[in-house]
Amino acid sequence: MASLSQRICPLCEACCGLEIEHDSGRVLRIRGHDADLFSHGFLCPKAVALGDLHHDPDRLRQPMLRRDGRLVPVSWEQAWDEAEQRLGAVLAKHGPQAVATVLGNPVSHKMGLTLYFPRLARALGTRQMYSASSVDQMPKMLAVGLMYGTWLSVPVPDIERSDYLLVIGANPMVSNGSLWTVPDFRGKAKALRARGGKLVVIDPRRSETAQAADAWHPIRPGADAFFLLGFAHTLIAEGLADLRHLADHVAGLDALRTALAPYPPERMAARCAIDAETIRTLAREFARAPRAALYGRIGTCTQSFGTLSSWLIDVINVLCGRLDAQGGMLFPKAPAFAANTRGKPGIGKGLTTGRYHARVSGAPEVQGELPLTCLAEEIDTPGPGQVRGLISMAANPVLSAPNGARLARALADLDCMISLDIYQNETTRHAHVILPGLSPLEDAHYDVSFTQLACRNVARYSPPVLARAPDQPEEWESVMRLVAIVKGLGAHADIAALDRAMLLEELERSAGAAAPQLLAALDPLQGPERLLDLGLRTGPYGDQFGARPGGLTLAALQAAPSGIDLGPLAPRLPEVLRTPSGKIELAPPLLVADLARIEADLATPAPELVIIGRRQLRSNNSWMHNLPVLAKGPVRCTLLVHPVDAARHGLRDGGVAEIRSAHGCVQAPVEVSAEMMPGVVSLPHGWGHDQPETRMQVAAERPGANLNALLDPQARDPLSGNAVLSGIAVSLRALP
Ligand SMILES: Nc1nc2c(c(=O)[nH]1)N[C@H]1C(S)=C(S)[C@@H](COP(=O)(O)OP(=O)(O)OC[C@H]3O[C@@H](n4cnc5c(=O)[nH]c(N)nc54)[C@H](O)[C@@H]3O)O[C@H]1N2
Ligand SMILES: Nc1nc2c(c(=O)[nH]1)N[C@H]1C(S)=C(S)[C@@H](COP(=O)(O)OP(=O)(O)OC[C@H]3O[C@@H](n4cnc5c(=O)[nH]c(N)nc54)[C@H](O)[C@@H]3O)O[C@H]1N2
Ligand code: SF4
Ligand SMILES: [Mo]
């Protein structure tokens with residue numbers, strides 16, 4: 001008898017509700033869950049691949065252990081003994097600072113990992129912490145953190161009530177949104193246009209989003225800050241700025257005016273390749289539209305001016321009174337875990353960076369992390385503090401970060417590498433022990449991070465759809481076993497007791513004498529569900545343990561498989577702020593000082609030909625290329641080249657190009673396409689599955705080329721430490 005279960009999709013930030021039909025452990029069909037109060041039945045092709053993922057014979061179901069140089073399947077018992085012995089040895093010999101951790105993108109989609117990694121981090125106390133954040137959104141987090149006070153105070157477009165949406169460096173039609181949880185962007189954009197609104201896209205490529213827009217303006221990669229400076233300058237110079245309801249909530253307006261003064265569009269145009277009149281026109285349109293929002297994403301982050309660009313986007317929204325306004329940019333109010341719903345409303349400690357620095361490069365700490373592009377050199381550079389052990393969780397930096405080849409060599413030289421992952425891939429093949437995680441259909445789900453970025457306030461919970469093997473631990477349990485090893489309690493410690501003891505300690509810090517009572521009130525829940533119940537009940541909609549009857553609890557979510565709607569986004573100023581001043585900081589000194597680099601850059605000639613990346617509907621970073629339903633069809637890892645550039649370099653459609661940069665060389669099939677702006681070529685990231693000792697048979701059949709092999713591993717945004725992934729100079733050559 002087939003059964004029907006609901007499950008939130010954990011694959012991307014849209015967090016769509018799915019309906020999964022299954023029988024005796026086999027997935028029969030996956031569809032959008034029409035009754036889901038948030039996503040209303042929307043899904044994309046990746047969700048359908050959850051079945052392939054669950055049944056993938058290459059997905060690890062048993063721990064793998066390195067023996068005589070090869071990874072072989074072993075029992076959990078053996079895996080834990082090895083993990084304890086190796087990690088224990090590194091800790092005993094070199095101390096915790098010699099152990100690094102690296103987190104990949106899926107960590108933020110798995111509640112067990114998101115909620116339990118902080119325990120491991122605290123137990124270890126290492127400064128060697130890395131994650132995909134520094135090849136992604138760190139610049140945005142830093143910019144909003146400085147302006148509003150917490151790392152995830154990211155306002156999102158109120159698309160359903162907007163008249164004008166300006167998108168820069170994002171392709172939500174394919175990515176389904178990022179730092180903006182917005183299922184069915186396509187439908188929402190269509191509705192915006194149908195009611196007379198306008199969608200405008202700024203992107204070096206006429207992306208799928210640009211194709212669905214009213215206007216597309218190509219921009220030179222890496223030059224967003226120049227465009228945005230010209231835009232913001234116009235707002236002030238032409239008297240278009242109008243803070244409206246924000247006037248009483250800002251600090252630093254005069255400093256901002258002074259800082260913007262040197263950058264009229266006429267000075268910026270050549271650098272960003274958008275003419276001055278267009279910049280002025282866009283600024284006027286944006287300022288005059290009844291309700292408008294400016295949204296920027298990864299294209300504006302993964303460049304050397306990432307933090308400046310991210311800041312200027314919010315500056316423009318503030319200058320036009322678009323922030324915290326209906327139809328503009330609003331702050332979600334998440335039901336649990338959001339730093340901007342905790343503590344005293346309207347004021348806070350704000351944040352700092354550079355509390356310590358990377359040993360080799362001197363790069364500053366940001367949000368407790370060092371730049372991912374520093375990891376390889378921290379492992380392979382001898383000296384005090386050299387990294388000798390690594391714990392990776394759901395990360396594939398050998399493909400996802402710019403210096404994969406060097407990183408792979410460094411990983412192979414570690415004394416201890418433990419990976420919590422579901423594949424033996426380009427990164428985990430170097431591990432001494434791989435501890436398999438669950439299939440997404442085997443664990444419970446709550447969107448810890450993405451409820452904080454959602455286009456509507458909502459709370460949803462999914463129980464596991466399918467049973468896991470009896471000896472397979474949940475991921476939080478594996479993390480807690482690592483905690484037990486680090487704490488010297490041994491890998492076979494009583495995890496449930498340790499979990500309870502650590503939670504009690506945390507509750508004592510926050511609730512003092514009431515801690516034991518609170519803990520008892522959460523019985524008999526355990527693990528992530530217990531933390532979730534605590535988060536919900538003490539959150540802004542919570543039942544406050546009985547003080548607010550009818551308020552949110554986990555039990556309430558469990559009784560509502562379509563979710564609980566908490567209403568449209570609403571203005572939150574000044575309550576949302578956590579800055580020391582209690583104001584929106586418009587001109588943080590760190591950012592204003594960074595404008596000096598703009599001046600220096602203006603004097604540097606731009607390269608003739610540069611490369612950018614590209615996301616695709618049937619691909620998810622590096623790790624879904626092994627799923628037949630997504631892998632089938634035409635070869636996707638192709639180089640898009642504008643006809644003019646193709647002619648100049650003797651390339652033809654369907655031919656093969658050699659792509660060379662100062663840092664590497666790869667080959668890829670050519671697709672001649674007028675989608676590109678001339679002088680810019682595009683290759684998707686996450687490919688290069690031709691390395692030995694991986695276990696991803698489908699992916700290996702069509703490995704593709706690794707874009708990141710071309711990038712400059714030392715190129716970073718100096719403020720956030722984020723890697724530069726866009727706009728790298730390349731040359732092309734046709735291969736026979
Ligand atoms: N050139 C270029 N490079 C880029 C980007 C780009 O746009 N251009 N994008 C960057 C961005 S935005 C990101 S987020 C990073 C991503 O960087 P990573 O997170 O390092 O890469 P992913 O390909 O997402 O790999 C995810 C890993 O998690 C594992 N995994 C998947 N699901 C689970 C699970 O449920 N449990 C466990 N334990 N493991 C799991 C997979 O097997 C894989 O090893 O790549 C970055 N790299
Ligand atoms: N199908 C699919 N969905 C995904 C992912 C995936 O791999 N596949 N990855 C997920 C992840 S980890 C993330 S972080 C999100 C990212 O979500 P988005 O930020 O929407 O990511 P992209 O689709 O890469 O869109 C970035 C756009 O920026 C453009 N661009 C490149 N360089 C520049 C530049 O210098 N300036 C400007 N203005 N534009 C530039 C690119 O052409 C591209 O259209 O997507 C998520 N969703
Ligand atoms: S858009 Fe994202 S969350 Fe929605 S079904 Fe596709 S992969 Fe899953
Ligand atoms: Mo990402």
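Every number for a ligand or one of its atoms is a count from 1 in the order of the listing.
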Heavy-atom nearest option to atom 20 (O) of ligand 1, drawn from Ser400, Gly104, Ser419, Ser439: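 The residue whose heavy atom sits nearest atom 20 (O) of ligand 1 is Ser400.
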
Is the contact between [X] and ligand 1 made by the side chain, the backbone, both, or neither, using heavy atoms and a 4.0 Å cut-off?
X      : result
Glu475 : side chain
Asn425 : side chain
Ile298 : side chain
Asn396 : both
Leu707 : side chain
His109 : neither
Pro106 : side chain
Arg615 : side chain

His625 and His689 aromatic ring geometry - parallel, tilted or perpendicular at 30°/60° bounds: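 Geometry flag for His625 against His689: perpendicular rings.
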
Parallel, tilted or perpendicular, as decided by the 30° and 60° cut-offs, for the rings of Tyr116 and Trp476: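 Trp476 vs Tyr116 ring planes: tilted.
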
With side chains defined as the heavy atoms from C-beta onward, is the minimum distance between [X] and [Y] less than 4.5 Å?
X      : Y      : value
Phe38  : Ile8   : no
Asn396 : Glu426 : yes
Cys455 : Lys188 : yes

For [X], the ligand 1 atoms whose distance to one of its heavy atoms is below 4.0 Å:
X      : answer
Leu725 : 2 (C), 3 (N), 4 (C), 5 (C), 6 (C), 8 (N)
Pro397 : 20 (O)
Tyr423 : 42 (O)

Salt-bridge present (Asp52, Lys46; N to O < 4.0 Å):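 No, Asp52 and Lys46 are not salt-bridged.
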
N-O pairing of Arg66 and Glu82 below 4.0 Å: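 Answer for the salt bridge query: no.
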
Non-hydrogen atoms of Asn620 and Met624 that approach each other most closely: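 Closest heavy-atom pair between Asn620 and Met624: CB-SD, 3.4 Å.
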
Neighbouring protein N, O or S atoms of atom 2 (Fe) of ligand 3, below 2.8 Å: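 For atom 2 (Fe) of ligand 3, the figure is 1.
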
